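Each chain gets a letter, A, B and so on, in the order its sequence line appears, and its residues count up from 1. All of these numbers come straight from a predicted model, not from anything done at the bench.
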Amino acid sequence: MGFELTQEYIFGHLNYWLFSVLMMTGLYIVVAKGNLVKKIVGLNIFQTSVFMLYISMGKVTGGTAPIFPLDMQIDPDVIYSNPLPHVLILTAIVVGIATTALGLALIVRIQEEFNTIEEDDILKIERAITQAENAIHGESMGGPA
Amino acid sequence: MSLDTLVDVISWALMLSGSFFVIIGAIGTLRFPDFWSRLHAVSITDSAGVILLFAGMCMQAGFTLITVKLIIIGVFLFVTGPTATHAIANAALVSGLRPKEAKGFTGVEPEPLTKPTADPAVSE
Amino acid sequence: MRHHLILRVITKLLVGAIMLFAFYVQFHGDFSPGGGFQAGVIMAVAFILYGLVFSLHDVQQVFPPWLVHKLIALGVLLYAGTGVVSMFLGYGFLDYGAFTPDHPAHGQHYGIFAVELGVGITVTAVMVAIYYAFASRPPRLSDEEW
Amino acid sequence: MSVESTHVAMTLNDHLPILQVLVPLATAPLIVLIGSRRLTWSLAFIASALSFVIAILLLMQVIDGSVISYQIGGWAPPLGIEYRVDATNAFVLFLVTGISTLVLPYARESVKSEIPARHHTLFYAAFMLCLTGLLGVAITGDAFNVFVFLEISSLATYVLIAQGSYRDKRALTAAYDYLIMGTIGATFFVIGLGMLYMATGTLNMADLADRIADQGANRTVRAAFAFIVVGMGLKIAIYPLHLWLPRAYTFAPSAVTVFLAATATKVAIYVLLRFTFSIFQPAFMFEVNTLEFIILPFAILAMFAASFIAIFQSDFKRMLAYSSIAQIGYMLLGISLLTDTGLTAAIAHLFNHGITKATLFMGVGILVLRSGGSFYNRIQGMGKTMPWTSAAIVIGGLSLIGVPGTAGFISKWVLVEATIEKGWWPISILIVLSSLLAVIYVWRVIEVLYLKAPLAGTNYKEAPLTMLIPMWILALACIYFGFATDVTLTASRAAAQGLLAGSAGMM
Amino acid sequence: MMFAVAIIAVFIAMVLVMVRLYGGPTLYDRVIAVNSFGTHTVLLIGLIGFLTERPEFLDIALLYALINFVGTIAILKFFRYRAIGDNLPVNEESEQ
Amino acid sequence: MLVLTAIAVVRMRSLFAIAMLSGVFSLLSALLFVTLDAVDVAFTEAAVGAGISTVLVLGTLALTSRYEKPTNRSPALPLFVVIVTGAALIYGTLDMPNFGSPDAPAQTHVGPDYLEGSVHEIDIPNVVTSILASYRGYDTLGETAVVFTAGIGVLLLISGLSGRRRRDDEEESEET
Amino acid sequence: MRIFGAIIVFLGLWLLLSGIYKPLTVGLGVVSTLAVVFILTRMNSIDEDRVEIEIKPVGFLLYQGWLLVEIAKANWVVTKIILAPSMPIKQHLFSIPYTQKSDLGQVIFANSITLTPGTVSVETEPGQFLIHAVAYSNDDKAALADMDRRVTACEKADIS
């Protein structure tokens, strides 16, 4: 692989790597952060980065948006980008917002029942409940789950 | 031909000055010392930046429906921009954020606000 | 924000325009970016704006919750119904060619129109319903870290 | 496609694949639209029964190894979405619709006692959607469509689990954890699909298989495979990714637990099967990726670790949840053997475990209904007061262990056979050993139910018939499929052969 | 060409505004930053449309302007609402 | 800039700021979509990410709390998970075709058929719409069903179905 | 009458936005317009807060022209402040009275104040606005009073 090719390769893949980094940031928020709302936001970031990855697949250099002129007189020289990833992502975005809405609704309920939205606090409360149960019903194993 | 050049020159001028004001506004938001003065920096972008840039784009678009759309967006921004700014200022004022008055002035205090007390019905 | 003069007036002026824009996006999905989903969201945003500036009570009078809940279902049924009609016409599910067998492209137009309308209705209703659901909960004011 | 002037009108029979999904899908909004609580349950039940009939009809058509393809919208496959029914998914459809049809009569009483009445309409709508999603995942021949329907079912599942909050508030956090895990899983799945799409340019499963076969294994395809397996693994609750499952099963309303335990993970396993065998050619992935050596240890670990934890539970319901994880281990073991017999065992176990677990969870549900809890010291001695329920639980328990004469025995037997066939006899011993663990935890339940005295001052009535009958149908099914081995095994074998034939089976 | 210049300018402005967004210090500072950021985005979308010679996509810009406004109002509604607890009928949420 | 926003979200404590930042993140990603020719997607992302989800997150915050509490969990395990995933992702991209390359499989196999077919068979200018509503119309039905599910899910969780009259409450009192 | 006005305005907006003049599209436009107007009427009847459009069109356009010039001047002033190394800020919060009778007139005035950089209307109170200026000078009040007069002049004379 000569230098020219390498450079082209790197620039051709830079976008993917960038999106990967973004995805990982989002994933990190989801996994590492204890606040439930923040987790949802992280999930959003994670998903949005995946969408970017998809959309960047559909891009054709020199292409334009896959919408023909109104009169349907299509110039054969014009390159259109691939519309399929766009469609998939539209669906995925909708799924994403649906998940977000549900997650937030769950958080609201959790807040009402537990009076906190911090994972650590919730774990504490749940441990207390489990211990109380064990005291009545005998020891069990398998952690607070 | 010359008309085209003229249009180009004008739109260049509009674009450049628009860009200038947009950047100025941004610098203002960065440089100004407190919230109240930043409000004014933002309104530069809202007014001058928007007007000039949209005017420039209109020049380029010519007399088509695109121009109409640009104008619609422009009007829309024109209506919402100050409204939003006003709302922010208002919210800040109500929440108790007071501007630092310059020397020699005492600001008009709006009638004393009820201190943000928690609603007894809801707070447990 | 009932006493809030500027917001009230501007909202009144804008809500109509926003709704019109939503309809525009709905019906021009064939020609320009947009379609049922986006239109539904914009429509819902119009109602949400109205609810924010005026009151939840007002917006629920304009667009009563029971209607919202019926519309949620109606949109999906409209979509599925389009497919079922094409099935009854002896074609496959969602084969819009069924509507005008002589000129399939026209059938496609009608089919897409109906389907997008279904999506639009459901999305509007769902988004408004979610807003209602969140907004009608009594807020919690126990923490004071402002 | 539709441009052809000679259009042959399609008959109802041709529409069966789409109707399979459409019936529950259309029922859900109908329920909401009508909004009458009196009609809700009947509507849901009719829809479910109807799709059960359709599933039987489909299974009869494809049991001989033929394939039905249905082109939605009249667009030929690589462009449009295709429904493709072969022996494997017809079998899964049969299981899912069958269980849902049995769960609904059961749910009527159980839901009434666990969920406030004003939520019943929406509850059944969500139930229908969950069913729709599972059926849609099982039947489709389009990779992205899998994702869409998977999300329908997942979202509905989160909501259904959260309905347990009226009994125990931990249902909410369980649902939330599942939501996070499930969404990460689904997103991983989407990443995998994206990579596949990037490498091949198509989303139709058959087309994908073809093009991957042409291309051979490049790094993109391998990474795609990894993402899809991990993504699905989260949904299946493969051992290290199982953390959401015990909580979700424990705190969900009884009827929901029955349905989920018997179907949701099974459908996810089906997707894994479909992707590993039909899309990524077995030869390709097992030579290059040596997946067997990754899945195998986890499968065995699941069998033992989860069983151990199950032994020490003091809550019947949670014990069953852990045992589910162990049983999933058996299925994965069957898959990782990669032989005809191994796959047959996995698919048969998928089915048998489905009905076994449904029986057991139904039993727990009834106990909970009467006693208000599923802790051992709450339900002790109920074998005397509620003989029918307890007897069914015993049958289910025996099937879970794999006692000869029950359904569970058959699939475990075939599994042992498969390991011996492959020459991995240590693993056969491990299977037997882990079954012994199952003996212990099932024995604990039987001991609690029959050998301990009932709690003082309790006199529980036997369960209502609407709950008993579905449970007994399933319990009898456990026994029936324990003797009439050829039914399940024929179907499983047909499915396994179809899968192992790789994309050839898809064509 | 001129669009490119303008795009670069708007972009720089966006970066600057973003610094303010991170910096805070009060929430209101962030709100003005977000609001201003939205305005910049509207401009940018319009300009990109012209740069790529598909200016018919101005709909998106219009949508942005709209969403930006509603978003700001939503945020503020919150602030106000939190700040003034009682007597004003601002807290619609607690009506019901 | 996107990365910066994301990192800021990691660091910030104020959930309000996070809500706003996620709105900004959406705006930025929508901008990116516009430059990548995906105008429809940008449209949706703008409406959803910056509009609806911000409002929803704010709505949640109103009902819950505004600040994240610090946690003393070790970030080692999450970092490990993230790094493994990231490595897998990067590994997967190594064999990908270059960005924008017109002869990538994704560009040559099915995509052009849609562009081609949309002209003759459906005859509307926006190819995205024609795929969305016709070629893959079934996915869109699924999408609508997802929205529907979310809708009834939220209702089931935090509100409830309302009839024209308060019929439900009456019945409830009858039954119990 | 008022409804007809609204219909015409919205229909015009539709036609401008649309740019496609097939019968179907225009028909849909009419339907949409009617729907929007219907919803708006519902809103009006519920919140009892109708916005009256009592503005002289020509006068208003002229006012807009004047406002543009003002904005240009004000922009320049604030730009100088931003770019000046010392940033000569003289913040001041003061109130000025307004004379517009209609709600819309007041809103136009308040928004004009906000739109001109350097001044922001902060609060609306009966009879006066609270204004914040970043670089207050003594003739600001006079300038705003001038603006007030011009806005009032745009209003139709015969409103209650």
Side-chain angles (χ1 to χ4, degrees), chain A residues 16 20 23 26-27 30-31 36 39-40 42-43 46-47 49-51 53-58 82 84-85 87-89 91-92 94-96 98-103 105-114 117 119 122-123 125-126 129-130 133-134 136-145, chain D residues 79 144-145 147-148 150-152 154-156 158-159 161-162 165 168-177 179-184 186-188 190-191 193-195 197-198 201-203 243-247 250 306 308-315 318-319 321-322 373-378:
Chain A
Y16 302 135
S20 304
M23 269 183 235
L27 190 60
V30 181
V31 184
L36 302 186
K39 271 176 188 268
I40 295 277
L43 210 55
F46 182 40
Q47 288 183 324
S49 326
V50 177
F51 303 158
L53 183 74
Y54 261 80
I55 296 297
S56 68
M57 285 180 222
N82 189 350
L84 186 55
V87 176
L88 303 182
I89 289 318
T91 311
V94 177
V95 172
T99 317
T100 309
L102 260 186
L106 270 174
I107 293 175
V108 169
R109 291 278 290 137
I110 289 176
Q111 164 75 43
E112 286 181 358
E113 300 282 347
F114 290 82
I117 53 166
E119 210 167 43
I122 292 173
L123 273 181
I125 296 173
E126 295 201 332
I129 298 178
T130 318
E133 274 177 356
N134 288 348
I136 308 171
H137 304 292
E139 277 305 313
S140 72
M141 201 184 119
Chain D
L79 283 186
F144 197 78
N145 203 241
F147 165 70
V148 175
L150 194 70
E151 281 300 298
I152 296 181
S154 306
L155 289 178
Y158 309 145
V159 177
I161 292 175
S165 67
D168 189 328
K169 64 182 180 181
R170 281 172 292 174
L172 292 171
T173 41
Y176 182 83
D177 284 354
L179 184 135
I180 295 287
M181 290 287 213
T183 312
I184 293 178
T187 313
F188 270 35
V190 172
I191 297 175
L193 281 187
M195 288 180 166
Y197 178 72
M198 184 112 64
T202 182
L203 287 168
L243 291 169
W244 59 267
L245 188 138
R247 294 164 52 87
T250 312
F308 261 119
I309 298 174
I311 290 175
F312 293 104
Q313 292 304 314
S314 57
D315 182 346
R318 185 174 296 163
M319 181 279 274
Y322 276 106
S374 56
F375 284 97
Y376 286 155
N377 58 5
R378 272 310 265 282

Interchain contact, [X] with chain A, by part (heavy-atom threshold 4.5 Å):
{"X": "I152(D)", "result": "neither"}
{"X": "Y176(D)", "result": "both"}
{"X": "V190(D)", "result": "both"}

Quiz item: Going through the distances and angles, do V95(A) and F147(D) end up as a side chain to side chain contact (heavy atoms under 4.5 Å, CB included)?
Solution: CA-CA 10 Å; V95(A) 172; F147(D) 165 70; 4.0 Å; yes
Approximate separation, where rounding is to 0.5 Å, of [X] [atom1] and [Y] [atom2]:
{"X": "L27(A)", "Y": "T187(D)", "atom1": "CG", "atom2": "OG1", "value": "9.0 Å"}
{"X": "I40(A)", "Y": "I180(D)", "atom1": "CD1", "atom2": "CD1", "value": "4.5 Å"}
{"X": "M195(D)", "Y": "Y54(A)", "atom1": "CE", "atom2": "OH", "value": "10.0 Å"}
{"X": "S165(D)", "Y": "E113(A)", "atom1": "OG", "atom2": "CD", "value": "6.0 Å"}
{"X": "Q47(A)", "Y": "I191(D)", "atom1": "CD", "atom2": "CD1", "value": "10.0 Å"}

Counting only non-hydrogen atoms closer than 4.5 Å, does [X] touch chain D with its backbone (N, CA, C, O), its side chain (CB onward), both, or neither?
{"X": "L88(A)", "answer": "both"}
{"X": "T99(A)", "answer": "both"}
{"X": "I122(A)", "answer": "side chain"}

* Main-chain N/O of G103(A) paired with Y158(D) side-chain donor or acceptor, under 3.5 Å ->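 Side chain of Y158(D) to backbone of G103(A), a donor-acceptor pair under 3.5 Å: no, none is there.
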Do you know which two heavy atoms are closest between [X] and [Y], and how far apart they sit?
{"X": "T91(A)", "Y": "F144(D)", "result": "CB-CE2, 4.0 Å"}
{"X": "L203(D)", "Y": "L84(A)", "result": "CD1-CD2, 4.2 Å"}
{"X": "A98(A)", "Y": "L155(D)", "result": "CB-CD1, 3.8 Å"}

- Item | Non-neighbouring partners of F188(D) that pass ring pair (Phe, Tyr, Trp, His ring centres under 6.0 Å), sequence neighbours left out |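 Applying ring pair (Phe, Tyr, Trp, His ring centres under 6.0 Å) to F188(D) gives F227(D).
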- Task: State, without any angle test, whether E126(A) and T173(D) hold a side-chain donor-acceptor pair at a distance under 3.5 Å.
- Result: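 On atom types as modelled, these side chains qualify, holding a pair under 3.5 Å.
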Shorter than 4.5 Å, heavy atoms on both sides: which option in I125(A), V30(A), V94(A), L106(A) has the most such pairs with chain D?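 Heavy-atom pair counts peak at L106(A).
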L43(A) and I184(D): side chain to side chain contact (heavy atoms under 4.5 Å, CB included), yes or no, with the steps?
CA-CA 8 Å; L43(A) 210 55; I184(D) 293 178; 4.0 Å; yes
